[in-house]
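Each chain gets a letter, A, B and so on, in the order its sequence line appears, and its residues count up from 1.
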Amino acid sequence: MCFLFPMLVLTAEKNKFKSMSVLSRSFYTRTDVVRIARELLGKYLVTQLNGRLTCGIICETEAYAGVSDRASHAFGGRRTHRTEIMYSTGGTAYIYLCYGMYSLFNIVTNQKDIPHAVLIRGIKPTEGLETIRQRADIKEIKKDIGIGPGKVSKILGIHYTQTGHDLTQKPMNKIEFGIWLEDRGMNIDPNKILSGPRIGVQYAGKDAMLPYRFQISL
DNA sequence: CATAGGATCGCCT
DNA sequence: GGCGATCCTATGT
């Protein structure tokens with residue numbers, strides 16, 4: 001037992017380190033975008049902009065399964081100036097403008113040239129609440145402040161001009177711009193995950209009914 | 001070049 | 001639940 005004890009401590013330390021880690025390339029380059037969309041629930045989405053750190057727990061996602069998914073911008077292998085970023089390696093940000101005024105934040109997944117992506121539809125803010133309140137242009141923070149893909153970007157300072165950003169790199173200092181994700185060891189009970197059809201994709205025919213939307217209540 | 005429409009939101013009724 | 005805001009994107013001439 002006295003030989004085993006230090007090993008247990010080491011294992012605990014190792015797990016602790018792992019539980020605070022920035023999500024790495026290998027998390028994003030896996031092939032199952034629907035699984036990744038589920039696993040992103042409970043992860044922390046962090047931005048640093050103009051020296052301000054803001055952060056929230058991801059609580060709603062949608063998977064977009066590339067060339068075979070009629071709801072995806074990359075359906076049929078379409079490549080345009082806008083969608084080109086979707087063909088990057090997993091762990092790249094795909095951010096585009098919706099309805100002329102909302103930047104929508106997506107995470108590219110899978111290997112290069114396979115245009116899968118996960119749309120982040122909701123977060124629960126945890127850090128930088130005063131900055132978030134200012135960006136939202138409201139007097140007091142309410143519970144639904146981070147619910148809705150347009151709101152996620154607005155409160156975190158994410159803008160469509162940042163599309164293509166590498167999500168696996170933290171900024172090198174307190175000033176540099178960055179968007180990244182962290183696993184802080186939050187455990188999500190699979191039974192608590194709600195799933196259903198994606199929002200706003202009625203044009204996608206039968207694919208509009210796929211249960212690719214996932215959410216948890218926090 | 002012109003134009004229709006969009007992976008939305010907040011305010012109004 | 002209905003609607004306007006607001007402008008880029010994709011497509012067609």
> According to a 3.5 Å limit on both distances, what stems of 3 or more consecutive Watson-Crick or G-U pairs are formed with DNA chain B?
Replying inline: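 Stem list for DNA chain B: B:1-6 with C:7-12, B:8-12 with C:1-5.
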
Results of side-chain contact (heavy atoms from CB on, under 4.5 Å) for [X] - residues two or more places apart only:
X        : result
A:Asn50  : none
A:Ile199 : A:Glu62, A:Arg121, A:Arg213
A:Lys142 : A:Asp144

Residue pairs involving [range] (criterion ring pair (Phe, Tyr, Trp, His ring centres under 6.0 Å); sequence neighbours excluded):
range                       : answer
residues 194-218 of chain A : none
residues 23-53 of chain A   : none
residues 171-193 of chain A : A:His165-A:Phe177

> In whole Å, what separates the P atom of B:dA2 from that of C:dT6?
Replying inline: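 Result for the P pair: 22 Å, nearest Å.
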
>> Of all nucleotides in DNA chain C that come within under 4.0 Å of a heavy atom of chain A, which is furthest toward the 5' end and which toward the 3' end?
In response: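 Span of nucleotides near chain A: C:dA5 to C:dT11.
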
> Which residues pass the salt bridge (Lys or Arg N to Asp or Glu O under 4.0 Å) test with A:Arg52, sequence neighbours left out?
Replying inline: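 Expected list: none.
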
> Can you name the residues that form a salt bridge (Lys or Arg N to Asp or Glu O under 4.0 Å) with A:Asp166, not counting sequence neighbours?
Replying inline: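 Applying salt bridge (Lys or Arg N to Asp or Glu O under 4.0 Å) to A:Asp166 gives A:Arg25.
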
N/O donor to acceptor pairs below 3.5 angstrom from side-chain atoms of residues 96-108 of chain A, sequence neighbours left out:
unit_1   : atom_1 : unit_2   : atom_2 : d
A:Ser103 : OG     : A:Tyr160 : N      : 2.9
A:Asn106 : ND2    : A:Tyr94  : O      : 3.1
A:Asn106 : ND2    : A:Leu104 : O      : 3.3

> Base, backbone or nothing for each nucleotide of nucleotides 2-13 of chain B, written B, S, -, heavy atoms under 4.0 angstrom, 5' to 3'?
Replying inline: ----BBBBS---

>> Taking the basic N atoms (NZ, or NE/NH1/NH2) and the acidic carboxylate oxygens, is any pair closer than 4.0 Å for A:Glu60 and A:Lys151?
In response: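 Salt bridge between A:Glu60 and A:Lys151, a charged N being under 4.0 Å from a carboxylate O: no.
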
